[in-house]
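Just so it is clear: chains get the letters A, B, ... in the order the sequence lines come, proteins before strands, and each one is counted from 1.
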There are 2 protein chains.
Amino acid sequence: MNPSVLVVEDDVALCDLLSWNLSAEGYDVRSTGDGEEALVMVREQAPDAIILDWMIEQVPGIEVCRQLRKDKETARIPIVMLTARGEEEDRIRGLKTGADDYVTKPFSPRELMARIEALLRRSRPVLAGDNLLFGDIELDPTSHRVRRDGESLHLGPTEFKMLRYFMERPNRVLSRQQILDGVWGMDSDIDERTVDVHIRRLRKAINRAGDPDPIRTVRAAGYSMDAN
Amino acid sequence: MNPSVLVVEDDVALCDLLSWNLSAEGYDVRSTGDGEEALVMVREQAPDAIILDWMIEQVPGIEVCRQLRKDKETARIPIVMLTARGEEEDRIRGLKTGADDYVTKPFSPRELMARIEALLRRSRPVLAGDNLLFGDIELDPTSHRVRRDGESLHLGPTEFKMLRYFMERPNRVLSRQQILDGVWGMDSDIDERTVDVHIRRLRKAINRAGDPDPIRTVRAAGYSMDAN
DNA sequence: CCTGTGATGACAGTTCAGTGACAGTTTGAT
DNA sequence: ATCAAACTGTCACTGAACTGTCATCACAGG
């Protein structure tokens, strides 16, 4: 699930350039040159970020921005304003209206990409690698939450730490001793077999009927989290 | 309780200019010209945003940025990089390192103010006017008033501060120590379990029969305010 | 068919958060 | 100044969740 960006720009050449660059970076891109249509498109399917030209048809960019900010559903979508108007006044007005960034033409596409990325990093931690992802399993260390396929799961403290330990080291076989050291701490004198038990508890917690088991048992070696 | 900004800038004149401007806008400002000291100051008391010069003594700005991003406690503080280096490469590097914005000298103080404001607006939780919003709970810091689903609730002083602390940091697990530091102040020698009691009082105050409890207990970690 | 290793269910002990009570303190009204 | 109501921090207790271990079962590999 790639982050999606809506490009609102009526200069067709520039619009294509941006779309192409964004696609190359792995974003899902939609675009329009019309302010009115932009609002409809956002309402239809909210993008993760918007690049918005100041001077567009129908509705001026700054008005689009205002509209988006007014509606609770769309108020938090990051917006980069794009414009030829380099005057300080305009920039400040854009930012005060709710734009998150303001880039003046001519601009470097790569810098714009970096700015979009920075914005997404902030507004969608899930996409920015703040969260650990493994297949359909998602672990958010900040909120101490684990989801599979979007559904929230309940894990005890030890299972949580264990899952995190695995997800930070995917596709590697981890010995019971390594797991003990990593999860319980170097100086624990816990029986190695105890790891087995917690593996079972972890499996029970994350596997719903039908789901493949992401934890592979490696006989005489340990366990590994991998795509089977 | 004004938002606080840390200015890291070794050009004293510029540093003063920024500090003055920020103070005039109502920010609490601290400043230093030294990268090493900046890190200490942040750890001591985390500011709401940081203005960071690229070229400073001891530790280069970009390194300070990296350090801050590495530590979970400080990873989410908005950073504006400030620099004389206008090259595209530098800008991109700054943004990729974790800076949220990148402003090139010479710059307009007012624009910088607007950018800071935009960043804070984003890093803050949902606002409705000046009120904090979380689901159907609404907290007005100025009038010290809390509503749920429109209905006014009564909270004691401590519960109010606690709720605010949570609503300013939604979707994060907060340890009892963090809560003590944030609500009671850094230098209180209050028993951690006291937090439990106030959590209970807060819950009792905000939850009417049928409402979902917005405060989630995270065993062995703390509490978190989030959906579900 | 053995053997060794992992899986499983049960269990007792431990930890941890929720709860009601309470005494001391603060606050605000009179 | 006085008093009642509201608020605060602590405690003891309880029940639920969690943990580590063990005995036993299942099974893959030789």
Side-chain angles (χ1 to χ4, degrees), chain A residues 144-146 152-166 173-207 209 211-226 228, chain B residues 144-146 152-166 173-207 209 212-226:
Chain A
H144 255 250
R145 215 173 241 291
V146 180
S152 197
L153 306 175
H154 177 77
L155 272 64
T158 310
E159 284 118 70
F160 182 83
K161 276 190 280 185
M162 237 172 97
L163 180 60
R164 172 149 87 179
Y165 188 72
F166 273 107
V173 176
L174 302 163
S175 72
R176 293 184 171 71
Q177 193 55 55
Q178 281 177 306
I179 296 171
L180 279 178
D181 290 347
V183 175
W184 276 261
M186 290 297 193
D187 50 353
S188 66
D189 56 346
I190 307 258
D191 192 305
E192 284 205 350
R193 306 264 102 229
T194 301
V195 174
D196 297 24
V197 179
H198 279 280
I199 286 282
R200 179 171 64 87
R201 287 170 181 158
L202 178 55
R203 278 175 169 153
K204 186 184 285 190
I206 62 178
N207 295 329
D211 294 336
D213 184 359
I215 299 172
R216 181 168 56 104
T217 305
V218 182
R219 207 178 162 82
Y223 298 92
S224 155
M225 190 159 189
D226 50 27
N228 281 318
Chain B
H144 257 244
R145 200 171 266 282
V146 180
S152 195
L153 305 174
H154 176 75
L155 271 64
T158 310
E159 284 109 74
F160 181 83
K161 276 190 281 184
M162 231 169 105
L163 181 60
R164 172 150 96 179
Y165 188 72
F166 273 107
V173 173
L174 302 164
S175 71
R176 294 185 171 72
Q177 192 55 57
Q178 282 177 310
I179 295 170
L180 280 178
D181 289 348
V183 176
W184 276 262
M186 290 296 194
D187 49 353
S188 66
D189 56 345
I190 307 256
D191 187 44
E192 284 205 349
R193 308 309 313 291
T194 301
V195 174
D196 297 25
V197 178
H198 280 279
I199 286 281
R200 180 169 64 89
R201 288 169 181 158
L202 178 56
R203 277 175 169 152
K204 188 183 286 189
I206 62 179
N207 294 329
D213 185 358
I215 299 171
R216 179 171 55 110
T217 304
V218 182
R219 194 167 234 265
Y223 297 92
S224 153
M225 189 158 190
D226 49 26

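- Among the heavy atoms of the strands lying under 4.0 Å from B:Tyr223 are primed sugar atoms or P, OP1, OP2 only; no base atom is included.
- Counting heavy atoms from C-beta on, the side chains of B:Asp196 and B:Tyr223 come closer than 4.5 Å.
- Checking the phosphate oxygens (OP1, OP2) of D:dC7, a side-chain nitrogen or oxygen of B:His154 falls inside 4.0 Å.
- The shortest distance between side-chain heavy atoms of A:Met225 and A:Leu174 does not fall below 4.5 Å.
- Residues from residues 176-187 of chain A lying near DNA chain D, meaning a heavy-atom separation below 4.0 Å, are A:Trp184 in numerical order.
- Separating the OG1 atom in B:Thr158 from the CG atom in B:Leu202 is a distance of 10.5 Å, to the nearest 0.5 Å.
- Residue B:Arg193 places no side-chain N or O under 4.0 Å from the OP1 or OP2 atom of D:dT10.
- The local environment of CE in A:Met186 is sparse, with at most 12 non-hydrogen atoms from other residues, nucleotides or ligands closer than 6.0 Å.
- Between A:Arg219 atom CZ and D:dA28 atom C1' there is a gap of 5 Å when expressed in whole angstrom units.
- In this structure, the side chains of A:Val146 and A:Glu159 stay at 4.5 Å or more apart for every pair of heavy atoms.
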>> side chain to side chain contact (heavy atoms under 4.5 Å, CB included) for B:Asp181 and B:Gln177? Distances and angles first, verdict last.
In response: CA-CA 6 Å; B:Asp181 289 348; B:Gln177 192 55 57; 3.1 Å; yes
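- Looking at B:Arg200, its side chain has no donor and acceptor atom pair within 3.5 Å of the base of C:dA17.
- Here A:Arg201 contributes atom CZ and A:Met162 contributes atom CE; the two are 10.5 Å apart, rounded to the nearest 0.5 Å.
- Between the CD1 atom of A:Ile190 and the C1' atom of D:dT19 there is a distance of 8 Å, rounded to whole Å.
- Remark: P of C:dG6 and CG of A:Leu202 are 17 Å apart, rounded to the nearest angstrom.
- Here the nucleotide nearest the side chain of A:Thr158, chosen from D:dT19, D:dT8, C:dG6, is D:dT19.
- The nearest heavy atom of DNA chain C to A:Ala221 and to A:Lys204 marks one nucleotide each, and the one closer to the 5' end goes with A:Ala221.
- Look at CD on B:Glu192: it is 9 Å from P on C:dA17, rounded to the nearest Å.
- Axis angle between the ends of the helix from C:dC1-D:dG30 to C:dT30-D:dA1, five pairs each and rounded to 10 degrees, works out to 40°.
- Atom P of nucleotide D:dC18 and atom NZ of A:Lys161 are separated by 13 Å, given to the nearest angstrom.
- Atom C1' of nucleotide C:dG6 and atom CZ of A:Arg216 are separated by 15 Å, given to the nearest angstrom.
- B:Arg203 has its CZ atom 13 Å from the P atom of C:dG20, to the nearest Å.
- Between B:Thr217 and C:dG18 there is a side-chain N or O to OP1 or OP2 distance below 4.0 Å.
- Applying the ring pair (Phe, Tyr, Trp, His ring centres under 6.0 Å) test to pairs two or more places apart or on separate chains, those with a residue in residues 175-195 of chain A are A:Trp184-A:His198.
- Here the P atom of nucleotide C:dA17 and the CG atom of B:Asp191 are 12 Å apart, to the nearest Å.
- For the atom pair B:Ile199 CD1 and B:Leu163 CG, the distance stands at 9.5 Å (nearest 0.5 Å).
- Between the side chain of A:Arg203 and the main chain of A:Asp213, no donor-acceptor pair closer than 3.5 Å is present.
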